Amino acid sequence: MPVLALLTLIVMIIALIDAIIRREDQIKHMPKFVWVFFIVLLPLIGSILWFTLGREYDQRTQPMTFGDPRRWHKDTRSAPTVPPRDERTTEQQIADLEREMHLADLEEQARQRRTENRPLDENPGC
């Protein structure tokens, strides 16, 4: 008989700890304090009912630990990300843009020459 009492005590303690550290959205059918009261009042039956009916067994929701920040904040939005800062000076940015514009003009000229079937080595504007 002492083994059965010890086993009941161990199951009750495990059920209490599990019920206490779970978030409210992970508990089914009754509020958390009712489950805790039920587990303490009827240790064996309450513990068995807790593990069978009272908690969620979803793979995504893990039991909450004391260090879990979700325990204190229900808001799960991520922090806004800071865009990378451009370290170039204004003059460097302008020079890069002018280079890109020049390359775009050259590509447009090459595209036009291909459509006209003219060789690329003829450069009438340069």
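All values reported here derive from a predicted model rather than from experimental measurement.
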Any side-chain to backbone donor/acceptor pair from [X] onto [Y]? Under 3.5 Å, distance only.
X	Y	result
W35	K28	yes
K32	I20	yes
E116	R113	no

E108/R111 salt bridge by N-O under 4.0 Å criterion: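 A salt bridge links R111 with E108.
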Can [Y] be reached from [X] by stepping across I, L, V, M, F, W or Y side chains whose heavy atoms are under 4.5 Å apart?
X	Y	answer
V36	F33	yes
L6	M12	yes
I94	M101	no

Got a sec, which pairs hit side chain to side chain donor-acceptor pair (under 3.5 Å) with one end in residues 3-12, sequence neighbours left out?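 Counting only pairs at least two positions apart or across chains, no side chain to side chain donor-acceptor pair (under 3.5 Å) contact touches residues 3-12.
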Distance-only check: which donor-acceptor pairs under 3.5 Å involve side-chain atoms of residues 43-53, not counting sequence neighbours?
unit_1	atom_1	unit_2	atom_2	d
S47	OG	P43	O	2.6
W50	NE1	D18	OD2	3.0
T52	OG1	I48	O	2.9
T52	OG1	L49	O	3.3

Atom pair CD/CD of Q93 and E87 - distance to nearest 0.5 Å: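 Spacing of CD (Q93) from CD (E87) equals 10.5 Å.
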Roughly how far, to the nearest 0.5 Å, is CG of L9 from CD1 of I14?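 Here the interatomic distance stands at 10.0 Å.
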Crowded around H102 NE2? As in, over 12 foreign heavy atoms under 6.0 Å?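 Count not over threshold, so no.
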Tell me the salt bridge (Lys or Arg N to Asp or Glu O under 4.0 Å) pairs involving residues 92-101, sequence neighbours left out?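 Found R88-D96, D96-R99.
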